[in-house]
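Below you'll find the structure, written out as structure tokens, and then a few comments.
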Amino acid sequence: MARVPAAALHALAEVMNSIRNAPHALIHRHRTRRTSTTVELASRRRPWTRAVGLVAVVLLGAWLGLLIVGDVRVPVGPMNTTMTLRPSVSGGTKINVSPLGALQLDSHVAPVRLDVNVDQLDPDRAQTLVDHPERLSGLQDEVAQDVERGTLDLAVRSCVAVVTGATALGLAVYRRPRRALAAGGLALTLLVASGGTAYATWNPDSVLEPRFSGLLSSAPSLVGDARSIVTEFDVYQKELARLVTNVTKLYDVTSTLPAYQPDPTTIRVLHVSDIHLNPASWKIITSLVEQYKVNVIVDSGDTMDHGTAAENGFLDPIEDLDAPYVWVRGNHDSRVTQKYLEGLKNVHVLDDGRARTVAGLRFAGIGDPQYTPDRSKPDGAEASQELAGARLASALRDQRAAGTPVDVAIAHEPSAAREVDGEVPLVLAGHLHREDMEVMKYGTRLRIEGSTGGSGLRAVEGEYPDPIQASILYFDRDSRRLQAWDEIKLGGLGLTTAEVSRHLPKENQPGATPSPTGTGPSPTGRTPTPTTPSPPPP
């Protein structure tokens, strides 16, 4: 065998080692290259990450700054308002008039929105306008100056709030003064750019085309066409001055109603109805309760106008009335309204024929089966009222069979109230916005109350305002039968009259043969009492 030189063997060994080590070298080289590539990509991406983080810090800090100190309280005319800047996609102006709703104006296009909250009406400035209606002629300029002053103050305060908030958050996040100052500078730049955009796109005519929400959604139909108000603003100002003055006079009239010395043998019931969100009604009711020493108040519905939760605060004065308040739901009152009233002290809500004894009289009532705040009349409306009345009549029969007969039934619509004829001595209703009284075929007396709110906002729709009406009903404490009633009528807006008229049932008039104590509808419900003829309508 031939010998292989040692040098050749050594060379061959080196080659084999290189082959064996090649994969490890390739892997090491790949790892080194991948690591360097990752570092290079990371170094490339890092500026973008920093920029996005800085913008996020600026926006969050600016928003927090506006939330904490970025509002201004400004008196605008007779109102106290709060102005605030808020981040927004579309911009514009939102005027919140709690609890009635809001107006939205397309005043500008910018990433910030101006919020104006009407907090309250200043009584001193409002009284000044009432005492001097001629000052309304300069109210427009005064309001414009107030808004301009408030907007300037808000702009300065917002700049401070935005820069301070962004700088503080930047310092908390980066812990470097330079980064924090950069955040504050960027916030100021963004705010100035937003202000410049708002100024460039400002549309003063947007006030002529507002969008209404909440209860104010009915404002266009009540106020009328905005353009006609603008073109006839002088006439509008005079009418507004007269309206404000007449409301004040109406308040004065209610406090001068004739005093009454109550008979201890009578139960005095104040019947009100269809208040329709008129705040003047509470002062009137309070005056009547005090002067007539009322034992119980009965409200036959339509206390509200739309039945929304935003209106519920209107009901709070009921708790301050010095008499229990018996209430049934009208077609403008929602289940939300009813639930809120059930939570108020002093209130007795009647529905589904439920009966309750209050101030010595037993009442039963049923809520209106319809909920139509838009004043519509759906198909089958009359049939639904008759069905509700039939349910109330059935409940009255059950009460009488149980030995607890009802003295007064209550329903909102007269068509429902007529279904209880013969089942109860007296039934109270409303809905028609005018007073009426009749004795029905089977002996039940139907008493329809007018509008204690003067029809609410509807009072300004017609040529003549509706009067404000209420009644005091006098019941014998022993027999619990109606002995007399006083009709109270106050002049509506523009009128300062007060009229009180006393009425007696025919059987209680001088010379009439008195009815036996405790007589009323017979147990059968549809047959008049043989010994007592049914009295005709008064």
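- The two atoms that bring V406 and R362 nearest to each other are CG1-O, 3.4 Å, heavy atoms only.
- At least one side-chain heavy atom of E423 sits under 4.5 Å from a side-chain heavy atom of R397.
- With hydrogens and angles ignored, the 3.5 Å screen pairs no side-chain donor or acceptor of E290 with any backbone N or O of S287.
- A donor-acceptor contact shorter than 3.5 Å is absent between the side chain of R400 and the backbone of P405.
- Side-chain atoms of Q483 and T266 include no donor-acceptor pair closer than 3.5 Å.
- You'll find the side chain of R447 stays beyond 4.5 Å of the side chain of L482, heavy atoms only.
- With a 4.5 Å cut-off on side-chain heavy atoms, P414 and L432 count as touching.
- A side-chain donor-acceptor contact under 3.5 Å links E449 and S471.
- From R445, atom CZ reaches atom CE of M440 across 10.5 Å, with rounding to the nearest 0.5 Å.
- Using modelled atom types, one side-chain atom of S281 and one backbone atom of T452 make a donor-acceptor pair closer than 3.5 Å.
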### Task
Any chance you could lay out the side-chain contact (heavy atoms from CB on, under 4.5 Å) test for R391 and D352, step after step, and finish with the verdict?
CA-CA 7 Å; R391 290 170 54 197; D352 298 322; 2.7 Å; yes
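- Taking the side chain as every heavy atom from C-beta outward, L344 and W327 never approach each other to under 4.5 Å.
- Two residues are said to be in side-chain contact when any heavy atoms from C-beta on lie closer than 4.5 Å; L341 and D333 fail this criterion.
- By the neighbour-count criterion of 12 heavy atoms within 6.0 Å, atom CZ of R434 is sparsely surrounded, having that number or fewer from other residues, nucleotides or ligands.
- Taking NE2 of H348 as the reference point, atom OG1 of T357 lies at 10.5 Å (rounded to 0.5 Å).
- The two atoms that bring G389 and E419 nearest to each other are C-CB, 3.5 Å, heavy atoms only.
- Separating the CD1 atom in I366 from the CD atom in Q385 is a distance of 9.5 Å, to the nearest 0.5 Å.
- Taken from CG in L361 to CZ in F475, the straight-line distance is 5.5 Å, to the nearest 0.5 Å.
- The backbone N or O of G307 lies less than 3.5 Å from a partner atom in the side chain of E311, making a donor-acceptor pair.
- Using bins of under 30°, 30° to 60° and over 60° for the plane-to-plane angle, the ring pair H503/W485 lands in the parallel bin.
- Under 4.0 Å is where a charged nitrogen must lie from a carboxylate oxygen, and between D421 and K441 no such pair does.
- Between T265 and R477, the side chains place no donor N or O within less than 3.5 Å of an acceptor N or O (distance only, hydrogens not considered).
- Annotation for V296 and V294: closest pair O-CG1, 3.2 Å, computed over non-hydrogen atoms.
- Pairing each heavy atom of R481 with each of P425, the nearest pair is CZ-CG, 3.5 Å.
- We find the CD1-CZ distance between I267 and R480 to be 8.0 Å, quoted to the nearest 0.5 Å.
- With hydrogens and angles ignored, the 3.5 Å screen pairs no side-chain donor or acceptor of S394 with any backbone N or O of A390.
- Of the possible donor and acceptor atoms, none in the side chain of D436 sits under 3.5 Å from a partner among the backbone N and O of I448.
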#### Entry: V272/I285 under side-chain contact (heavy atoms from CB on, under 4.5 Å): CA gap, chis, key distance, verdict
CA-CA 8 Å; V272 300; I285 292 173; 4.1 Å; yes
Pair up each side-chain donor or acceptor in residues 316-326 with any protein partner under 3.5 Å, not counting sequence neighbours, and list the distances.
| residue | atom | partner | partner atom | Å |
| --- | --- | --- | --- | --- |
| D316 | OD1 | Y340 | OH | 2.6 |
| E319 | OE2 | K345 | N | 3.1 |
| Y325 | OH | D299 | OD2 | 2.6 |

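- Closest non-hydrogen pair, V349 versus E342, comes out as CG2-CG, 3.7 Å.
- Of all the heavy atoms in A359 and N295, the pair that sits closest is CB-O, 3.8 Å.
- A donor-acceptor distance shorter than 3.5 angstrom exists from the side chain of S451 to the backbone of D274, with no hydrogens or angles considered.
- For the atom pair CZ of R335 and CZ of R329, the computed distance is 4.0 Å after rounding to the nearest 0.5 Å.
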### Query
Do L428 and L473 pass the side-chain contact (heavy atoms from CB on, under 4.5 Å) test, and can you show the C-alpha distance, the side-chain angles, and the key distance before you say yes or no?
CA-CA 11 Å; L428 304 179; L473 312 178; 3.9 Å; yes
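- The existence of a salt bridge linking R268 and D486 is excluded, since no basic side-chain nitrogen approaches an acidic carboxylate oxygen closer than 4.0 Å.
- In this structure, the side chain of T303 does not engage the main chain of I275 through any donor-acceptor pair within 3.5 Å.
- Between L350 and R356 the shortest side-chain heavy-atom distance falls below 4.5 Å.
- Residues H412 and Q370 form no side-chain contact, since every pair of their non-hydrogen atoms from C-beta on lies 4.5 Å or further apart.
- H433 has its side chain within reach of H276: a pair of non-hydrogen atoms, C-beta onward, lies under 4.5 Å apart.
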